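See structure below.
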Amino acid sequence: MAGTLRYLDKVVIVTGGSKGIGKGIVQVFVKNGAKVVFCARGVQAGQALEEELNSTGPGTCLFVPCDVTKEDNIKNLISVTVERFSGIDCLINNAGWHPPHKPIDETTAEEFRDLLNFNLISYFLATKLALPHLRRCQGNVIHVSSLVASIGQKHAVPYVATKGAIVAMTKAMAIDESRYNVRVNCISPGNVMTPLWEELACQSGNAAATIKAGEEAQLIGRMGTEAECGLAALFLAADASFCTGVELLVSGGAELNYGHKSQIS
């Protein structure tokens with residue numbers, strides 16, 4: 001069985017790993033034999049996932065409560081991982097948030113600063129603190145960005161800005177860390193059915209219509225799954241040994257083909 005496990009005994013950190021895309025990533029890596037340390041603010045969901053996955057294996061996981069907007073929390077996450085497993089092979093920065101859609105006129109500078117701290121600076125800090133350990137084993141970093149970093153999104157200027165910055169930061173980090181043979185890549189999911197996506201759909205006033213439109217935005221006529229995002233991350237970590245500075249779109253072709261876009265009445 002060990003021969004089928006693609007990340008056997010590798011030590012992986014996943015931020016925001018208790019639900020959504022992060023949960024899918026944690027599940028895929030545990031199924032492939034990794035030792036996964038994942039964090040989130042929601043203790044109950046994190047502990048429940050830890051118990052579930054440790055009962056099935058074949059890898060193991062450890063949940064660490066963590067607010068990634070606080071540097072001391074991130075330092076603790078790294079310390080706990082190294083103390084328990086003696087190193088880090090892969091860091092997956094996933095924690096983040098998509099605020100409710102609203103125009104720039106209604107968005108405050110403070111809201112923008114808070115989102116930058118959550119979605120972007122947390123990635124920078126986690127990577128900075130993990131790099132000494134990643135360099136020792138020539139590991140890799142995977143950032144989770146978004147398709148909207150490339151194509152934009154209506155009434156989501158701060159969110160799109162944070163995700164675009166993640167892609168740019170990925171490329172800059174890949175350059176700097178190449179001297180240590182540490183690869184830095186990112187995945188950019190499109191429409192993936194997660195609890196956050198459902199929550200945003202419910203806020204639209206017509207959740208069913210919003211979800212249907214989300215499904216029809218892809219060439220293949222459906223949304224992606226959390227597991228598919230996990231498999232994309234596993235590919236970058238385990239198989240893509242000649243890829244660094246890459247943005248992998250996990251989008252079902254949502255960015256392709258012309259479509260009605262005019263907002264001029």
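Residues take their numbers from the sequence shown, with the count starting at 1. Just so it is clear, the structure is predicted and the values come from calculations on it, not from any experiment.
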Expected list for residues 79-88: side-chain donor-acceptor pairs under 3.5 angstrom, two or more places apart:
residue, atom, partner, partner atom, Å
S79, OG, K75, O, 3.0
T81, OG1, L77, O, 2.8

**Complete:** With sequence neighbours left out, the residues meeting side chain to side chain contact (heavy atoms under 4.5 Å, CB included) with A95 are T15, V68, F118
**Prompt:** Taking only residues two or more places apart in sequence or in another chain, which ones pass side-chain hydrogen bond (donor to acceptor under 3.5 Å, both in side chains) with D239?
**Reply:** R6
**Asked** What residues form a side chain to side chain contact (heavy atoms under 4.5 Å, CB included) with A237, not counting sequence neighbours?
**Response** Y7, F29, C90, N140, I142
**Message:** Using the rule that Ile, Leu, Val, Met, Phe, Trp and Tyr join whenever any side-chain heavy atoms are under 4.5 Å apart, tell me whether L91 and L248 fall into a single cluster.
**Reply:** yes
**Message:** Using the side chain to side chain contact (heavy atoms under 4.5 Å, CB included) criterion, which residues pair with C137? Sequence neighbours excluded.
**Reply:** D89
**side chain to side chain contact (heavy atoms under 4.5 Å, CB included) partner of F38, chosen from V64, L49, I13** = L49
Check: residues 124-131 side-chain donor-acceptor pairs under 3.5 Å, at least two apart:
residue, atom, partner, partner atom, Å
T127, OG1, N93, ND2, 3.0
T127, OG1, Y123, O, 2.7

**Item:** Partner set under side chain to side chain contact (heavy atoms under 4.5 Å, CB included) for S178, not counting sequence neighbours
**Value:** none
**Message:** Enumerate the side chain to side chain donor-acceptor pair (under 3.5 Å) contacts for residues 43-54, please, sequence neighbours excluded, ordered by first and then second residue.
**Reply:** none
**Request:** Tell me, yes or no, whether the heavy-atom count around K102 atom NZ, taken from other residues, nucleotides or ligands under 6.0 Å, exceeds 12.
**Result:** yes
**Item:** Qualifying residues under ring pair (Phe, Tyr, Trp, His ring centres under 6.0 Å), relative to H101, sequence neighbours excluded
**Value:** H98
**Request:** Would you please test E255 and S251 for side chain to side chain donor-acceptor pair (under 3.5 Å) and show each step?
**Result:** CA-CA 7 Å; E255 71 279 7; S251 62; 2.7 Å; yes
**Message:** Rounded at 0.5 Å granularity, tell me how far CD1 in I121 sits from OG1 in T69.
**Reply:** 10.5 Å
**Prompt:** Would one find more than 12 heavy atoms of other residues, nucleotides or ligands at under 6.0 Å from atom NZ of K10?
**Reply:** no
**Request:** Give every residue pair that meets the salt bridge (Lys or Arg N to Asp or Glu O under 4.0 Å) criterion with at least one member in residues 131-142, sequence neighbours excluded.
**Result:** R135-E177
**Request:** Share the residues that join L147 in a hydrophobic cluster, the rule being Ile, Leu, Val, Met, Phe, Trp or Tyr side chains under 4.5 Å apart at the heavy-atom level.
**Result:** I151, L249
Identify each donor-acceptor pair in which a side-chain atom of residues 208-225 lies under 3.5 Å from a protein atom, sequence neighbours left out, and give them as a table.
residue, atom, partner, partner atom, Å
T210, OG1, S204, OG, 2.6
T210, OG1, N206, O, 3.0
K212, NZ, E216, OE2, 2.3
Q218, OE1, N191, ND2, 3.2
Q218, NE2, G214, O, 2.7
Q218, NE2, E215, O, 3.3
Q218, NE2, R222, O, 3.0
R222, NH1, E228, OE1, 3.2
R222, NH2, E228, OE2, 2.7
T225, OG1, E228, N, 3.0
T225, OG1, E228, OE1, 3.3

